[in-house]
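One structure is given below, encoded as structure tokens.
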Amino acid sequence: VVSAGTPVPVMLTDISMHGMQLTLPPGAGVLQCSVNAPVVMSDFPETLATFLDGITGTIAWLTEQQCGVKLDDPLPHPAEVIAGFAAM
């Protein structure tokens with residue numbers, strides 16, 4: 001994920017058509033991200049990159065270890081496909 005021009009490594013924890021929950025590395029939530037900041041999804045593993053790289057959104061909430069991203073546009077994939085993303 002890129003936030004404010006800075007790449008932030010994340011792990012996809014949960015996902016829906018309209019948003020996602022990401023786990024952040026220690027300290028990233030405080031140092032590199034902020035609520036209402038725009039983000040661009042990037043550098044996901046190959047199995048997810050086709051579906052998620054380039055998707056844009058806004059950080060809706062933030063803790064030291066996790067953040068929620070509200071997507072700018074709903075994901076254009078069937079619900080059953082989206083449900084499998086977090087398992088990849």
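As the structure is a prediction and not an experimental result, all values here were calculated from the model.
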Look at the side chain of T63 and the backbone N and O of Q65, then say whether any donor-acceptor pair between them is shorter than 3.5 Å.
-> yes
Residue pair [X] / [Y]: nearest heavy atoms and the distance that separates them:
X	Y	value
I82	M17	CD1-CG, 3.6 Å
P9	P25	O-CD, 2.8 Å
F51	I55	O-CG1, 3.9 Å

Who are the side-chain contact (heavy atoms from CB on, under 4.5 Å) partners of [X], not counting sequence neighbours?
X	result
A37	S3, S34, I59
D43	none
L52	L12, I15, M20, F44, L48, L75, F85

Would you say V35 and V8 are hydrophobically clustered, going by side-chain heavy atoms of ILVMFWY under 4.5 Å?
->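 They do share one cluster, since a chain of ILVMFWY contacts under 4.5 Å joins V35 to V8.
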E46 atom CD, over 12 foreign heavy atoms within 6.0 Å |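 No, because the 6.0 Å sphere around CD of E46 holds 12 heavy atoms or fewer from other groups.
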Name all residues meeting the side chain to side chain donor-acceptor pair (under 3.5 Å) criterion together with D72; count only those two or more places apart in sequence or in a different chain, and write none if there are none.
-> T56
For T23, the side chain to side chain donor-acceptor pair (under 3.5 Å) test, sequence neighbours excluded, returns T13
Looking at CE of M41 and CG of L22, how far apart are the two atoms once the value is rounded to the nearest 0.5 Å?
-> 5.5 Å
